[in-house]
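Scroll down for the structure; my scribbles are underneath it.
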2 protein chains.
Amino acid sequence: MKHRRIPKATIDRMAVYLEVLENFSRDGAELVSSDQLAKACKSNPAQIRKDLAYFGDFGIRGVGYAVESLKLAIKRALSIDGVWRCALFGAGNLGRALLGNREFVRRGFHIQAVFDCDPDKLGLRMFHLAVQSPSRLGHIVKEQDIQIGIITTPPNRAQRAANHLVEADIKGIVTFAPTRINVPDEVSLQYVDLFRTFYSLSFDISLREQEAAEEQNAD
Amino acid sequence: MKHRRIPKATIDRMAVYLEVLENFSRDGAELVSSDQLAKACKSNPAQIRKDLAYFGDFGIRGVGYAVESLKLAIKRALSIDGVWRCALFGAGNLGRALLGNREFVRRGFHIQAVFDCDPDKLGLRMFHLAVQSPSRLGHIVKEQDIQIGIITTPPNRAQRAANHLVEADIKGIVTFAPTRINVPDEVSLQYVDLFRTFYSLSFDISLREQEAAEEQNAD
DNA sequence: ACGTGTGAACGATTTCACAGCT
DNA sequence: AGCTGTGAAATCGTTCACACGT
């Protein structure tokens with residue numbers, strides 16, 4: 001079991017488990033069973049046990065999981081038990097929103113520098129950081145040992161931003177721009193596609209309405 | 001084939017297909033093959049044909065797909081060929097970023113009202129809209145026929161916001177707050193989990209580094 | 001001849017059911 | 001007795017390979 005490839009879906013669910021564990025923790029629970037977790041996550045107990053077992057034997061048979069140690073184990077498994085140093089590329093509204101979001105720091109993602117191609121934005125202060133020119137990116141990334149780039153440019157600037165980040169030898173990129181970008185294989189890449197979510201919602205609402213209408217007809 | 005349940009993964013990929021179709025369209029292409037689409041999406045032709053065939057026979061055998069009519073067909077399939085009226089709940093940085101994002105309007109998601117529980121924010125102007133009290137939500141939703149609620153509150157306020165939206169008889173909710181919320185079955189719900197993406201990136205970077213280290217050892 | 005649409009084969013993930021530890 | 005960890009079974013999604021229409 002230990003050395004099997006871990007499904008991407010499992011990784012995604014880990015974020016949910018962490019979130020509900022924080023709640024159990026806040027409520028003072030010391031132990032939690034896969035049943036309780038499943039209820040809180042709208043999942044099922046077998047799924048949860050299987051998911052957790054990919055990473056190790058965190059539970060105690062007949063008892064359940066110790067909340068605090070499970071939180072830590074998950075964080076370690078995802079490598080979010082330390083600090084990741086990030087650079088933001090794109091000093092627009094979305095960039096500002098991420099920079100101002102306290103949850104990022106709380107979860108160990110520290111945004112330490114902001115870049116933008118637009119010369120009008122250079123020097124502009126966003127919270128505690130000044131917007132810098134992309135020409136300084138390579139230097140800053142090296143100096144501050146920055147590992148992750150976050151792209152919040154408009155779609156037509158996203159590839160250029162990615163090129164700058166790759167050039168600066170970043171390890172991974174999260175992009176919020178609704179466009180595909182190309183990076184070398186050795187750079188990790190994740191898309192946050194806002195519209196995908198809205199499209200899913202749209203499809204889901206319409207499907208339900210259609211099903212409701214068909215039920216009417218069945219009378 | 002027509003009346004089979006459509007995988008969620010297929011729906012998600014539709015957003016990508018639309019995106020690359022926009023690019024083909026901009027480049028003046030009138031026809032595309034599943035092969036070309038696959039290259040642009042980093043997918044494979046069979047996947048694309050299967051996905052598209054869930055919704056109808058959009059292609060021409062021996063020829064390919066007509067770009068414009070395929071775009072329209074996908075939009076119709078997802079029900080994003082019209083306008084969805086949205087209300088934003090949570091007038092913080094993230095809410096402002098969504099409100100100021102031109103892509104939303106371009107894609108038919110119109111944010112028509114903004115609400116916030118914080119009395120200090122009432123009346124505050126965000127772009128062309130004034131922040132309103134949640135007590136007005138029911139009235140505004142009915143008056144403007146708003147269908148979708150967008151939650152951008154801090155996590156501890158998200159459930160309350162959801163309750164207000166459900167009470168106002170909204171059809172679906174997209175929440176950006178990193179916390180699970182409960183809504184009745186008849187309301188559609190989608191989570192935009194920013195941290196899930198960052199956690200995946202973190203895991204992926206670490207996995208690669210670990211694999212690289214093991215390769216070293218194999219010498 | 002070419003490229004779609006689709007059953008069939010394959011592969012991956014989820015769920016079941018129970019052995020094994022506390 | 002209770003709850004985890006995990007093979008085995010069931011389900012779900014993807015890829016193959018080819019019949020079919022243009």
Side-chain angles (χ1 to χ4, degrees), chain A residues 1-17 20-21 24 29-71 73-74 77 196 200 203 207, chain B residues 1-17 20-21 24 29-71 73-74 77 196 200 203 207:
Chain A
M1 182 82 184
K2 250 11 73 58
H3 289 282
R4 280 241 297 289
R5 210 191 114 272
I6 298 169
K8 185 183 168 355
T10 293
I11 305 291
D12 280 351
R13 283 190 295 267
M14 290 316 230
V16 179
Y17 301 163
V20 309
L21 279 168
F24 279 106
E30 289 184 4
L31 287 168
V32 60
S33 68
S34 57
D35 243 307
Q36 294 174 284
L37 279 173
K39 292 223 168 63
C41 303
K42 313 222 158 155
S43 175
N44 72 71
Q47 177 85 80
I48 290 187
R49 292 201 300 276
K50 184 75 93 176
D51 281 344
L52 294 177
Y54 276 116
F55 297 98
D57 292 8
F58 303 145
I60 308 152
R61 289 173 193 222
V63 177
Y65 300 88
V67 174
E68 293 307 320
S69 84
L70 181 56
K71 268 170 53 184
I74 293 178
R196 216 202 38 184
S200 291
F203 178 72
L207 192 66
Chain B
M1 181 81 185
K2 256 0 80 55
H3 288 283
R4 280 239 298 288
R5 209 190 116 273
I6 299 169
K8 183 179 169 2
T10 293
I11 304 291
D12 280 352
R13 282 190 294 266
M14 290 316 228
V16 179
Y17 300 163
V20 308
L21 279 168
F24 279 107
E30 289 184 3
L31 288 168
V32 284
S33 67
S34 55
D35 242 308
Q36 295 174 284
L37 279 173
K39 293 224 170 59
C41 302
K42 313 219 159 154
S43 175
N44 72 73
Q47 177 85 81
I48 288 187
R49 293 202 301 277
K50 184 74 96 177
D51 281 344
L52 294 177
Y54 276 116
F55 297 99
D57 292 8
F58 303 145
I60 308 152
R61 287 172 192 224
V63 177
Y65 300 88
V67 174
E68 292 307 320
S69 83
L70 182 56
K71 267 170 53 185
I74 293 178
R196 217 203 37 184
S200 291
F203 179 72
L207 191 67

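Reminder, nothing fancy here: chain letters follow the sequence lines and each chain counts from 1. No hydrogens, no waters, no symmetry mates; every other heavy atom, side chains included, goes into these values.
Of the candidates dG5(D), dC16(C), dT4(C), dC16(C) carries the atom nearest the Ala46(A) side chain, counting heavy atoms from C-beta on. Which of dT13(C), dG21(D), dT6(C) sits closest to the side chain of Pro7(A) comes down to dT13(C).
When side chains are defined from C-beta on, Leu31(A) does not count as touching Val67(A), because their heavy atoms never get closer than 4.5 Å.
Between Leu31(B) atom CG and dC2(C) atom P the separation is 16 Å, expressed in whole Å. For the pair Asn44(B) CG and dG11(C) P, the computed distance is 15 Å after rounding to whole Å. One atom, CG of Asp51(A), and another, P of dA12(C), lie 17 Å apart when rounded to the nearest Å. With rounding to whole Å, Lys50(A) atom NZ is found 8 Å from dT6(D) atom P. Here the C1' atom of nucleotide dT13(C) and the NZ atom of Lys8(B) are 16 Å apart, to the nearest Å. Atom CZ in Phe58(A) sits about 18 Å away from atom C1' in dC21(C), given to the nearest Å. In this structure, Tyr17(B) atom OH and dT4(C) atom P are separated by 13 Å, rounded to whole Å. For the pair Ile6(B) CD1 and dG5(C) P, the interatomic distance rounds to 14 Å; values are reported in whole Å.
Between its opening and closing five pairs, the helix from dA1(C)-dT22(D) to dT22(C)-dA1(D) changes axis direction by 10°, a value rounded to 10 degrees.
Dashed line: the shortest gap from a side-chain N or O of Tyr65(A) to OP1 or OP2 of dG2(D) is not under 4.0 Å. For the pair Gln47(A) and dT13(C), the criterion of a side-chain N or O lying under 4.0 Å from OP1 or OP2 is not met. Regarding contacts with the backbone of dT14(C), a side-chain N or O of Arg13(A) is found under 4.0 angstrom from either OP1 or OP2. Between dG13(D) and Arg5(B), a contact under 4.0 Å exists linking OP1 or OP2 to a side-chain N or O. In terms of phosphate contacts, Arg49(B) brings no side-chain nitrogen or oxygen within less than 4.0 Å of OP1 or OP2 of dT14(D).
One finds the OG atom of Ser200(A) at 6.5 Å from the CD1 atom of Ile11(B) (value rounded to the nearest 0.5 Å). For the atom pair Lys50(B) NZ and Ser34(B) OG, the distance stands at 13.0 Å (nearest 0.5 Å). Atom-to-atom distance recorded for Leu37(B):CG and Tyr17(B):OH is 8.0 Å, nearest 0.5 angstrom. Interatomic distance, Ser33(B) OG to Ile60(B) CD1, rounded to the nearest 0.5 Å: 12.0 Å. Note that CZ of Phe24(A) is 5.0 Å distant from CD of Gln36(A), once rounded to the nearest 0.5 Å. Rounding to the nearest 0.5 Å places CD1 of Ile6(A) at 4.0 Å from CZ of Phe55(A).
Across the interface with DNA chain C, nearest-nucleotide mapping of Arg61(A) and Thr10(A) shows Thr10(A) to be the residue nearer the 5′ end.
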**OP:** Start with the C-alpha distance between Arg5(A) and Tyr54(A), add both sets of side-chain angles, then the distance that settles side-chain contact (heavy atoms from CB on, under 4.5 Å), and finish with yes or no.
**Re:** CA-CA 9 Å; Arg5(A) 210 191 114 272; Tyr54(A) 276 116; over 6 Å; no
Original post:
Passes side-chain contact (heavy atoms from CB on, under 4.5 Å), Met14(B) versus Leu52(B)? Steps please.
Top reply: CA-CA 8 Å; Met14(B) 290 316 228; Leu52(B) 294 177; 4.0 Å; yes
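With hydrogens and angles ignored, the 3.5 Å screen pairs no side-chain donor or acceptor of Gln47(A) with any backbone N or O of Asn44(A).
Residues from residues 33-43 of chain B with heavy atoms under 4.0 angstrom of DNA chain C, sorted by number: Ser33(B), Ser34(B).
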